[in-house]
Protein chains: 2
Amino acid sequence: MENSITEKQRELVEKFGVIEEQMGIAPAPARVNALLTISDSPELTFDEIREALQLSKSATSNAINYLLTLDRIGYKTKPGDRKRYFYSRLNQWKASFRKSILGLDGYTNMIREILENRTTDTVQFNKQLEELANFMDYYIKESIAIIDRWEKR
Amino acid sequence: MENSITEKQRELVEKFGVIEEQMGIAPAPARVNALLTISDSPELTFDEIREALQLSKSATSNAINYLLTLDRIGYKTKPGDRKRYFYSRLNQWKASFRKSILGLDGYTNMIREILENRTTDTVQFNKQLEELANFMDYYIKESIAIIDRWEKR
DNA sequence: TTATTAGTTCTGCGATAAGAGAACCAAAAT
DNA sequence: ATTTTGGTTCTCTTATCGCAGAACTAATAA
């Protein structure tokens with residue numbers, strides 16, 4: 001029952017885990033993704049993850065599947081080996097940023113819908129709302145553009 | 001006990017509320033902020049909010065104070081009137097975006113710290129990590145720049 | 001055919017969150 | 001001096017989360 005992860009690595013997993021928790025990821029998934037980023041081998045099996053993090057099977061299973069739906073991790077298989085080898089999908093960040101930025105679109109549309117239904121009496125306030133919507137549009141467009149620029153660099 | 005908010009407005013409050021919930025705000029605060037955006041009068045008192053949303057005093061109080069700490073709302077007072085008049089701080093968005101972008105810095109530093117402690121055996125993986133950190137730096141810098149550009153427009 | 005592997009799914013439980021309602025409190029009005 | 005106003009804080013309930021542990025399952029191995 002050897003451990004395969006150093007004290008320093010364990011410490012980094014916790015530290016990174018906390019950062020990921022602050023980004024809205026539950027403790028166990030956060031640790032799993034951290035492990036896959038920190039472990040010497042960037043491809044680990046279910047049981048290696050489970051053992052390194054001392055998680056239950058259910059927690060491991062749920063964490064992995066959650067991260068898979070988020071596309072934060074992926075897995076490969078090896079011929080003649082039933083196990084899956086999970087890895088952190090480091091380069092999904094661009095896609096994930098893009099998606100969250102485009103998600104602001106719903107917010108912007110909502111602001112415009114509110115504006116259309118507002119009393120016209122509150123001139124100053126409505127102007128602010130409109131400016132907000134315009135800023136959002138601008139921000140969305142420009143943010144996407146900077147990601148594109150990075151990709152075509 | 002008249003109502004001061006139309007059916008349509010009530011509907012918009014719910015719709016906007018749900019969007020804000022998806023951004024991580026609890027139901028009651030989400031409704032309060034939505035109300036302050038949608039209501040004909042953009043400045044409402046504690047009791048007007050409470051009554052329009054049919055919330056308990058504690059829920060109203062907590063929601064308001066939570067939104068105040070987030071700077072999503074503010075309040076003014078009127079001379080010789082003990083009540084506070086709450087309003088949605090529409091223009092805090094730029095500040096709030098800026099802050100959340102700068103928050104990515106901690107993530108980037110973490111990535112670099114991980115990189116410094118990684119085995120050098122996994123060349124490809126480490127290269128990806130480095131590229132991620134570089135992308136993050138770029139994204140942070142450029143995002144801040146686009147907000148600045150909007151402000152100096 | 002039976003056992004093992006590589007997980008998944010199903011309770012169950014402790015911890016936290018959201019909000020109601022009532023008690024509470026300080027400042028102002030009566 | 002006591003009542004009212006404009007809240008805040010405390011207690012309790014219900015709901016949901018995060019996870020462990022055990023039961024389960026489908027595919028492979030013996």
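Residue numbers begin at 1 in each chain, while the letters A, B, ... track the order of the sequences. Everything numeric in this text was worked out from a predicted model, so none of it was measured.
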The criterion is side-chain contact (heavy atoms from CB on, under 4.5 Å); which residues satisfy it with A:Asp121, sequence neighbours excluded?
A:Thr119

All side-chain contact (heavy atoms from CB on, under 4.5 Å) counterparts of A:Gln22, not counting sequence neighbours
A:Val18

Quick test of your reading: applying salt bridge (charged side-chain N to carboxylate O under 4.0 Å, His left out), list the pairs with at least one residue in residues 16-30 of chain B, sequence neighbours left out, ordered by first then second residue.
B:Glu20-B:Arg72, B:Glu21-B:Arg31

For residues 49-79 of chain A, pull every pair meeting ring pair (Phe, Tyr, Trp, His ring centres under 6.0 Å), keeping only residues two or more places apart or in separate chains.
A:Tyr75-A:Phe86

Ring pair (Phe, Tyr, Trp, His ring centres under 6.0 Å) pairs, two or more places apart, involving residues 10-55 of chain B
A:Tyr107-B:Phe16

Which part of the nucleic acid, if any, lies within reach of A:Asn65 when heavy atoms closer than 4.0 Å are counted: base, sugar-phosphate only, or nothing?
sugar-phosphate

Show the atom names and distances, to 0.1 Å, of all donor-acceptor pairs under 3.5 Å that link a side chain in residues 89-97 of chain A to residues at least two apart or in another chain.
from, atom 1, to, atom 2, distance (Å)
A:Arg89, NH1, A:Asp71, OD1, 3.2
A:Lys94, NZ, B:Glu131, OE2, 3.1

Euclidean distance, atom [atom1] of residue [X] to atom [atom2] of [N] [Å, nearest integer]:
{"X": "B:Glu51", "N": "D:dG7", "atom1": "CD", "atom2": "P", "answer": "15 Å"}
{"X": "B:Asp81", "N": "D:dG6", "atom1": "CG", "atom2": "P", "answer": "7 Å"}
{"X": "B:Glu21", "N": "D:dT16", "atom1": "CD", "atom2": "C1'", "answer": "14 Å"}

Would you please test A:Tyr85 and A:Thr45 for side chain to side chain contact (heavy atoms under 4.5 Å, CB included) and show each step?
CA-CA 5 Å; A:Tyr85 292 80; A:Thr45 65; 3.4 Å; yes

Can you give the first and last nucleotides of DNA chain C, 5' to 3', that have an atom under 4.0 Å from a heavy atom of chain A?
C:dT5 to C:dC10

Residue list, side chain to side chain donor-acceptor pair (under 3.5 Å) with B:Lys76, at least two apart or on another chain:
B:Glu43

I'd like to compare against my own output: the B/S/- annotation of nucleotides 17-30 of chain D with a strict under-4.0 Å heavy-atom distance to protein.
-SSBB-----BS--

